[in-house]
Amino acid sequence: MTKPGKGDEVSDIVAEHDEERPARRLSRGPDLLVYLAALAVALLVLKQVFFPYSKGNQFYLVIFLGCTLPLVFLCYRPLARSRRSPDNPWLLDWTLALVALVVGLYPVLSGYDDFLDRQGQLSTLDIVAGALLLLLILEATRRTTGWVLPVVCLLFLAYAYYGGYLPPDWGIAHAGVDFSQIINALYNDASGFFGTPLDVAASYIVLFTIYGAVLEASGAGRFFVDISFAAFRRSRTAPGRTTVLSGFLLGTVSGSGTATAVSLGSITWPILNRAGYPREHAGGLLAASGIGAILSPPTLGAAAFIIAEYLQTSYLTVLIWASVPTLLYYLGIVFAMEADARRFQAKPVDVERGDPWRLLLRGGYHFLSLAIIVVFLALDIPPFAAVVYATGVAALFALIARQRDVRGWAVDMVGALSRGVRSALPVIAVCAAAGVITSTITKTGLGLELADALVDVARAVTDNATVVLVLTVLLSAVAVGVLGLAVPVTASFIIAWVVIAPALETLGVAPAERAMFIFYYAVLSEVTPPTALAAVAAAAITGGRVMKTMWQCWKYTLPAFLVPIAFVLTDNGAALLLQSGAVTVVWVLAVSALAVAALGVVTGGWLFGPVHPAVRVLFVPAAVCLLYLEPGPIVAGLAFGVVATFAHLVIRRRRHETTADGAGDGGPGRDGLRREATEPAGGGREPGV
């Protein structure tokens with residue numbers, strides 16, 4: 001038995017602080033069983049890509065859910081933590097897994113065609129099996145993500161059943177749905193358990209998690225960090241720049257904000273520490289860079305696949321929409337990081353760096369599989385096929401790199417197939433549970449009623465169409481953010497889509513803009529205190545204070561909170577999603593970059609030197625006006641920016657004159673102003689002190 005190493009510690013931190021609950025550490029026997037079962041599911045998924053079932057996609061989804069749901073009860077404990085080692089399933093867990101296997105596969109075992117023929121008139125046995133599957137899905141979701149989402153599902157079910165008892169004059173009142181109809185809608189209808197969310201999980205998400213596992217097994221993660229270190233020369237800003245670039249590249253492997261932040265932190269935190277970064281600021285930078293994994297092409301987060309399905313567009317189109325916002329997201333982080341490196345008087349750090357060209361020559365093939373996904377999507381090859389081809393290319397180059405170690409390569413690749421499925425289990429449970437919400441909303445028409453209520457709140461304030469849109473957008477942003485505090489990103493997007501998207505549609509917002517607006521705010525809830533899980537995990541790496549790390553993370557990502565609003569407020573916002581002409585895209589990108597820079601001054605407090613608080617306040621309207629992306633507000637934003645910059649330069653010049661006077665006569669100027677300009681936050685050079 002080997003001692004736990006650094007990799008084990010990283011895995012523990014990821015498990016403890018990710019949006020999914022920590023998985024068990026199984027002993028050899030149960031672990032082998034789960035390994036083989038997950039491998040079988042991986043082969044089933046790959047088989048479906050090239051040889052789909054003749055009975056249709058829903059037949060495949062039934063088998064997929066029936067095979068994966070039992071694994072949740074074996075891999076995830078009923079309570080959040082356990083001191084047992086090994087942490088094996090109990091008798092109850094084995095029983096639940098067996099029942100999940102039976103009721104999950106019941107539509108196939110009982111005769112699939114006959115089961116479909118009973119739609120709307122389920123037998124008693126059908127209803128019992130469907131009710132058991134409902135309970136098991138809710139329990140699986142509770143084990144993997146906590147209580148909130150199952151409770152939300154139960155509230156929706158209660159609304160469906162008891163809606164007929166609500167006062168008739170209430171807009172959300174409806175005739176009521178009896179229990180058998182609820183089970184029928186969930187179990188034998190395309191909008192329930194086997195609806196779009198589970199379809200996306202089974203057809204796309206699992207394949208991308210397998211791809212990420214294969215990339216990781218091929219050594220891509222280590223290569224991306226090495227090339228990031230080699231890309232920057234020795235300077236005070238090199239550690240921060242390396243962290244940001246590494247976060248972007250590692251995100252293509254993990255697809256998880258928390259996992260990326262922790263993996264990144266285990267490598268770059270010692271360097272940030274030596275450079276003089278305070279613990280909380282370093283943790284905030286790690287978390288912000290990690291969350292970018294969910295926003296960045298070519299993998300994005302799970303909700304991006306759901307966008308493609310809901311809007312009936314190609315996944316490549318969604319990637320194109322995400323390109324400019326991703327650029328602005330990382331631009332904002334870089335601006336804030338550059339300011340911090342100067343404010344803290346960060347020191348250059350000597351790191352063993354290889355030659356970047358030699359590294360590219362030796363490991364550049366890791367980029368090839370990423371490029372293949374984009375190229376194949378551009379050739380109209382479906383994303384599920386494109387990612388399989390990319391996975392094959394990544395595995396092939398890993399074999400070439402291993403040279404003669406074919407056996408070790410085979411073991412790693414097969415293990416990656418199994419790990420890819422196992423890592424997708426929480427998302428599968430969430431997507432199945434989301435079917436409860438979407439089915440209820442479809443059956444009762446609740447979504448339109450809530451959307452109308454949201455718009456009515458804005459219209460109660462004013463009749464001005466522009467102000468109504470602004471208020472509705474702000475209310476929607478708050479609603480998605482609050483929702484995301486309680487449920488994972490995927491579930492947050494699905495719920496917000498059926499409630500908030502209709503409200504934005506009523507006000508004339510185009511499908512792409514409202515989809516990406518909701519997507520970004522669902523993701524950004526991951527960095528919003530008090531439940532910014534990526535920041536909590538980063539604080540565990542750096543040893544910083546949790547709440548301060550959360551606020552620092554929020555500071556780094558502030559531009560990302562405002563840029564999505566620009567999508568939906570004006571027609572020019574479509575240019576941020578590359579849906580306008582080239583000229584419009586260029587000037588909109590330039591103006592948005594200026595807005596992000598202004599926000600960087602607000603949060604970083606640095607512009608060729610420390611910025612006076614009053615001047616920082618002036619940069620706020622500059623950024624907000626610039627992001628409205630209409631001529632009048634842009635001119636106003638530029639005016640605020642010019643005035644603020646001029647005021648800053650005047651104040652800075654007076655400070656230098658005062659400092660010079662103080663240096664000449666030994667007065668207080670030297671002791672006061674020079675310290676403000678150069679001393680690190682916290683009063684010392686040692687991080688965290």
Set of side chain to side chain contact (heavy atoms under 4.5 Å, CB included) partners for [X], sequence neighbours left out:
X	result
Val374	Pro298, Leu316
Ala288	Tyr329, Ile333, Cys553, Tyr556, Thr557
Ala341	Thr237, Tyr277, Ala346
Leu589	Val324, Leu327, Leu328

Problem set entry | Residues forming a side-chain hydrogen bond (donor to acceptor under 3.5 Å, both in side chains) with Tyr204, sequence neighbours excluded |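 Counting only residues at least two positions away or on another chain, Tyr204 forms a side-chain hydrogen bond (donor to acceptor under 3.5 Å, both in side chains) with Glu309.
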
For this session: Go through the structure and list residues passing side-chain hydrogen bond (donor to acceptor under 3.5 Å, both in side chains) with Thr391, not counting sequence neighbours.
Result: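 So Thr391 forms no side-chain hydrogen bond (donor to acceptor under 3.5 Å, both in side chains) with any residue.
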
Would you indicate whether the side-chain heavy atoms of [Y] and [X] approach each other to under 4.5 Å?
X	Y	result
Cys75	Leu425	yes
Glu216	Arg222	no
Phe224	Phe248	no
Asp87	Leu26	no

For this session: Using the side-chain contact (heavy atoms from CB on, under 4.5 Å) rule, take Ser218 and Leu215 through it: C-alpha gap first, then chi angles, then the decisive distance, then the call.
Result: CA-CA 5 Å; Ser218 71; Leu215 264 186; 4.2 Å; yes

For this session: Determine, step by step, whether Tyr211 and Leu370 satisfy the side-chain contact (heavy atoms from CB on, under 4.5 Å) criterion, reporting the C-alpha distance in whole Å, the side-chain angles of both residues, the deciding distance to 0.1 Å, and the verdict.
Result: CA-CA 10 Å; Tyr211 168 65; Leu370 296 171; 3.0 Å; yes

For this session: Would you check, one step at a time, whether the test side-chain contact (heavy atoms from CB on, under 4.5 Å) holds for Phe608 with Arg652?
Result: CA-CA 9 Å; Phe608 313 117; Arg652 186 165 180 263; 4.2 Å; yes

Closest approach of [X] and [Y], non-hydrogen atoms and distance?
X	Y	answer
Pro610	His648	O-CE1, 3.3 Å
Leu577	Pro325	CD2-CG, 4.1 Å
Tyr521	Pro564	CE1-CB, 3.8 Å

For this session: Just grab all the side-chain hydrogen bond (donor to acceptor under 3.5 Å, both in side chains) pairs involving residues 358-368, residues at least two apart or on different chains.
Result: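 Counting only pairs at least two positions apart or across chains, no side-chain hydrogen bond (donor to acceptor under 3.5 Å, both in side chains) contact touches residues 358-368.
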
Is it true that a side-chain atom of [X] and a backbone atom of [Y] form a donor plus acceptor pair closer than 3.5 Å?
X	Y	value
Thr209	Gly420	yes
Thr542	Gly283	no
Ser323	Leu319	yes

Determine all donor-acceptor pairs shorter than 3.5 Å in which one atom belongs to a side chain in residues 592-604; sequence neighbours excluded.
unit_1 : atom_1 : unit_2 : atom_2 : d
Ser592 : OG     : Val588 : O      : 2.8
Thr603 : OG1    : Leu599 : O      : 3.1
Thr603 : OG1    : Gly600 : O      : 3.4

Can you measure from [atom1] ([X]) to [atom2] ([Y]) and round to the nearest 0.5 angstrom?
X	Y	atom1	atom2	value
Leu285	Thr243	CG	OG1	5.0 Å
His281	Met337	NE2	CE	13.5 Å
Ile541	Thr268	CD1	OG1	9.0 Å

Problem set entry | Electrostatic pair Arg422-Asp31, nearest N-O below 4.0 angstrom |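 The answer is yes: the pair qualifies as a salt bridge.
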
Problem set entry | ring pair (Phe, Tyr, Trp, His ring centres under 6.0 Å) partners for Phe619, two or more places apart |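 So Phe619 forms no ring pair (Phe, Tyr, Trp, His ring centres under 6.0 Å) with any residue.
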
For this session: Please list, chain by chain and in numerical order, all residues satisfying ring pair (Phe, Tyr, Trp, His ring centres under 6.0 Å) with Phe376, sequence neighbours excluded.
Result: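 By the ring pair (Phe, Tyr, Trp, His ring centres under 6.0 Å) rule, Phe376 matches Tyr389.
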
Exercise. Would the number of heavy atoms belonging to other residues, nucleotides or ligands and lying under 6.0 Å from CH2 of Trp554 be above 12?
Worked result: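 It does not: Trp554 CH2 has 12 such atoms or fewer within range.
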
For this session: Evaluate side-chain contact (heavy atoms from CB on, under 4.5 Å) for Tyr520 paired with Ile565, printing each intermediate quantity in order.
Result: CA-CA 10 Å; Tyr520 274 88; Ile565 294 178; over 6 Å; no

For this session: Please list, chain by chain and in numerical order, all residues satisfying salt bridge (charged side-chain N to carboxylate O under 4.0 Å, His left out) with Lys555, sequence neighbours excluded.
Result: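 Testing Lys555 for salt bridge (charged side-chain N to carboxylate O under 4.0 Å, His left out), a comparison that skips the adjacent residues, returns Asp340.
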
Exercise. Of all residues at least two apart in sequence or in a different chain, which pass the salt bridge (charged side-chain N to carboxylate O under 4.0 Å, His left out) check with Arg419?
Worked result: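 Here no residue qualifies.
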
